[in-house]
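Heads up: numbering here begins at 1 and tracks the sequence. For clarity, every value in this text was computed on a predicted model and none was experimentally measured.
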Amino acid sequence: MPLKVLIVGGVAGGASAAVRLRRLREDAEIILLEKGEHISFANCGLPYYIGDVIKEKDKLLVQTPKSMKQRFRIDVRINSEVTRIMPDKKAVVVHDRVQDRTYTETYDKLILSPGADPVKPDIPGIDSPRVFTLRNIADTHRIKDYVDGSKPERAVIVGGGFIGLEMAENLYNLGVKVTVVELADHVMGPLDFEMAAIVHQHLKSKKVELYLKDAVKSLIDAGSHTVVELNSGKKLKADMILMGIGIRPESRLALEAGLQVGTTGGIVVDEYMRTSNPDIYGVGDAVEVKDFINGSTAVVPLAGPANKQGRIAANNICGFEEKFGGVQGTSIVKVFDLTVAITGNNERTLKKNGIEYEKSFTHSPSHATYYPGAMLMSIKLMFGKKDGKILGAQIIGSEGVDKRIDVIATAIRAGMTVYDLEKLELAYAPPYSSAKDPVNMAGFTAANILKGDCRVFHWDEVASIDRDKAVLIDVRTPMEYGMGTIEGAVNIPVDELRDRLDEIPKDKEVYEFCQVGLRGYLAYRILAQNGFNHVKNLSGGYKTYQPAVQKQSNENLYD
């Protein structure tokens, strides 16, 4: 008897499930129900179409109902909203929006891929025509038409996440003055503060106005523009406002059908992508999944995992048993001239889950320095305190960031340690890397910490150093020292250190640092082997410290 599968929602999860089902079961009846007009589109490309980087809107469409029908014989019904699931009857109620009719469709197996909705805070003025969210093609066209037609001079972006910063760049490139308002103390939530500080300084260099630890209180129509009132009392003039404060899993259908929904608001699924009803599966942004690092549950709205979940759900429906192994949260974003990439857990998540860890910071050139164009990339690595197992990484740089984060993401999935990173044999030629790749260097540095070859302290510990019991030494050159140092540090360049050991008191703790950590490591080894028993090197050096202690926000830029 032919298998009948209904899929509620398209895009990454639903569309990938549909085509995988067809590849496995030529005889299956597959119906994809999508409440919008588009079943499969490139969400991540939407800001770049608005910013005229992607010129043709059709390039955003991955599959169309016509192509799905022609190649895969899938019955795609757009503008068809599923309003109710009846698990006891194995049927759904569908509202055909075009013909304004309601009908019932039965199923043998049901896949839920309803996605998530943008969060719109309940504040005065939120329904203004100048307020936008960006989640789908319709949103994109609305924003694009407004930007092209109204030529806004000032835009306020509420939320400094991935979409918010991508839109900041694209609007900026169109000549719009951009203000970003973020409730947290830093943009890009998955980043730790000191890594986000690098992004803050870059945004400031691009003349993006940045308000941190603040939120929108109300939106006041002032005729020709909207006044954005913040909790701090600050009032910003805006011609358009983009709400990018997050998304909420669309789990209403599941909840009303009696399916289990987790504390995250996502639909609960097992490792086979089954919901609490064995004939109903869930995939994509609407489901709650396991964090690969710590095992907790989370909602992770990323296209890569959604595609894999759709494929796995289809496999299991067709009898090919496969488990979904969890989500690392590997992601990457372009922020003007920077590339920012993340995989695994950040410090906040590790602490929350009680995982013991150590961290290291390295700043390595993207390729051999003797080949033109090498740029430093900053790598933060989190790893197990006892076994060195890699728990997470954050990388920021100009080029080569993507391949380094992919190497570390693969290492995490394989359960590798920092000692394995030391040994990785990675492709090298002067235009692409160095004989010791930045990933190798991160491994060397982390392994040195675990082995006790170099004890470290971190940027946020500097303020608590007791200067009566310790000495702070800057081992950079006098020129570097003169351009800025940590307050109270004395300058003894590493190349002069052996000849000036008598200037360093042995009865005090020695905290030393250089620009990125390498010369500091050399200084540590010299001091440790010359009778100095209480020495620590600043991980990541002054390059990590300096952006983190600067003023992070950029208020009143356009007043």
Reported CD-to-CG distance for the pair Q394 and L191, which is rounded to 0.5 angstrom: 5.0 Å
For the student: nearest non-hydrogen atoms of I395 and M377, plus distance: CG2-SD, 4.1 Å
Would you say the ring centroid of Y172 lies under 6.0 angstrom from that of F336? yes
When rounded to the nearest 0.5 angstrom, what distance separates NZ in K308 from CD1 in I312? 9.0 Å
No-hydrogen, no-angle side-chain donor-acceptor test under 3.5 Å, Y281 and Q309: no
Lys/Arg N to Asp/Glu carboxylate O, E166 vs K334, below 4.0 Å: no
Could you check whether F361 and H458 have their ring centres less than 6.0 Å apart? yes
Could you check whether R404 and S433, counting side-chain N and O atoms only, form a donor-acceptor pair closer than 3.5 Å? yes
Inspect the contact between R476 and E512 and indicate whether a charged nitrogen and a carboxylate oxygen are less than 4.0 angstrom apart. no
Dump the intermediate steps for side chain to side chain donor-acceptor pair (under 3.5 Å) on T349 and N346, then the final yes or no. CA-CA 6 Å; T349 305; N346 58 26; 2.8 Å; yes
Would you give the length of the straight line joining atom NE2 of H534 to atom CG of L527, rounded to the nearest 0.5 angstrom? 13.0 Å
Side chains of S553 and K551: any donor to acceptor distance under 3.5 Å? yes
For the residue pair H186 / E194, report whether a side-chain donor-acceptor contact shorter than 3.5 Å exists. no
Quick one: pull up CG in N440 and OG in S434 and give me the separation to the nearest 0.5 Å. 10.0 Å
Is M167 close to V176 at the side-chain level, that is, under 4.5 Å between some pair of heavy atoms? no
Distance-only side-chain donor-acceptor flag, T485 / D474, under 3.5 Å: yes
Tell me whether the guanidinium CZ or amine NZ of R455 lies under 6.0 angstrom from the six-membered ring centre of Y524 and within 45° of its axis. no
May I ask you to decide whether D117 forms a salt bridge with R135, counting only side-chain N to carboxylate O separations under 4.0 Å? no
Between D270 and R274, is there a side-chain N and carboxylate O pair less than 4.0 Å apart? yes
Ion pair check, D285 and R248, cut-off under 4.0 Å: no
Are more than 12 heavy atoms from other residues, nucleotides or ligands located less than 6.0 Å from atom NZ of K543? no
Could you verify whether a donor N or O on one side chain and an acceptor N or O on the other, from S464 and E461, lie under 3.5 Å apart? no
Below 6.0 angstrom between ring centroids: does that apply to F513 and Y545? no
Electrostatic pair E356:K385 at N-O distance under 4.0 angstrom: no
For the residue pair N315 / E322, report whether a side-chain donor-acceptor contact shorter than 3.5 Å exists. yes
Could you tell me whether E169 and K206 make a salt bridge, using a distance below 4.0 angstrom between a side-chain N and a carboxylate O? no
Within a radius of less than 6.0 Å around CZ of R23, do more than 12 heavy atoms belonging to other residues, nucleotides or ligands occur? yes
